[in-house]
Protein chains: 2
Amino acid sequence: MEVIGGKWKVVILCHLILGTRRTNQLKKLMPGITQKMLTQQLRELESDGVIERKVYNQVPPMVEYTLTEYGSSLKDILDSLCKWGENHIVKVHGVNHDLLEESILNH
Amino acid sequence: MEVIGGKWKVVILCHLILGTRRTNQLKKLMPGITQKMLTQQLRELESDGVIERKVYNQVPPMVEYTLTEYGSSLKDILDSLCKWGENHIVKVHGVNHDLLEESILNH
DNA sequence: CTGTATCCTGATAGATACTG
DNA sequence: CAGTATCTATCAGGATACAG
């Protein structure tokens, strides 16, 4: 739970499951997150060994984040978590399915 | 994550998967938890509909907690979570397997 | 574009004492 | 036995400004 318990970590991980992403791509995928939180959560995921940070020395800067092989072992958890979470949100909050992505990914 | 994200919730749920437990049983199973936290986490799990609280009117009081049917749907998540967590602790903290239960359930 | 540095607030949790 | 009430400490997270 310490590894995936941060407010945005599961969301970040779900995005990275789909492939490598740049910092700004992640930011656009999660409009509700602040720059500070994004960096912070990414650093923690990195130091836990589940994602990798690749810096390209150029101007303007470019940084890519990728799921490590170890991080990929979280896929099962993420999947069952997302599945359960969707049902739960629909059940408890009565959100219809079209609003789910927005509801989940932005908050 | 809001449902299982509390500091002790996954531990409580893991115990309740094995069967109904009384308050004091849970307390003994988790030496590190305080009375306050135990009650609090149980109440939250209850209001999320994943556990059920049964009060027997007697002296001394007896209260039993059981996983609801809905709560049982968390079993997959809990399983994969525990599995991954064990590996992670061994890998990161170098804890040997005998110390795992103590390490996990008490902190 | 990516990231750091502050400052600040609310949530979370620990300790302790008390109640029916 | 099970739970409540306080009070306090800590921490995660938000807002904002700044930097290479």
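So you know, we letter chains A, B, ... as the sequences are listed, proteins then strands, and number each from 1.
Residue K7(B) has its side chain nearest to dA13(C) when only dA13(C), dT4(C), dC1(C) are considered.
Note that the CG atom of N24(B) and the CG atom of L38(B) stand 9.0 Å from one another [nearest 0.5 Å]. Here the CG atom belonging to L16(B) is positioned 7.5 Å from the CZ atom belonging to R21(B), to the nearest 0.5 angstrom.
A side-chain donor-acceptor contact under 3.5 Å links T68(A) to the backbone of G49(A). Between the side chain of Q40(A) and the backbone N or O of M37(A) there is no donor-acceptor pair closer than 3.5 Å.
Here the options are H15(B), K54(B), R53(B), the test is side chain to side chain contact (heavy atoms under 4.5 Å, CB included), and the partner is Y65(B); only R53(B) passes.
Scanning all heavy atoms of the two residues, the minimum distance from W84(A) to I77(B) falls at CB-CD1, 3.5 Å.
Contact of the T66(B) side chain with the I51(B) side chain is not registered, since no non-hydrogen atoms from C-beta on lie closer than 4.5 Å.
An angle of 50°, rounded to 10°, separates the two end axes of the helix from dC1(C)-dG20(D) to dG20(C)-dC1(D), each defined over five pairs.
Where DNA chain D meets chain B (any atom under 4.0 Å from a heavy atom), the bounding nucleotides read 5' to 3' are dC1(D) to dT6(D).
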- Task: Would you sort out whether L67(B) and V50(B) count as a side chain to side chain contact (heavy atoms under 4.5 Å, CB included), showing the intermediate values?
- Result: CA-CA 6 Å; L67(B) 220 58; V50(B) 297; 5.5 Å; no
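With DNA chain C read from its 5' end, the first of the two nearest nucleotides for L42(A) and K36(A) is the one closest to L42(A). Residues G5(A) and P61(A) both approach DNA chain D. Their nearest nucleotides, taken by heavy-atom distance, put G5(A) toward the 5′ side.
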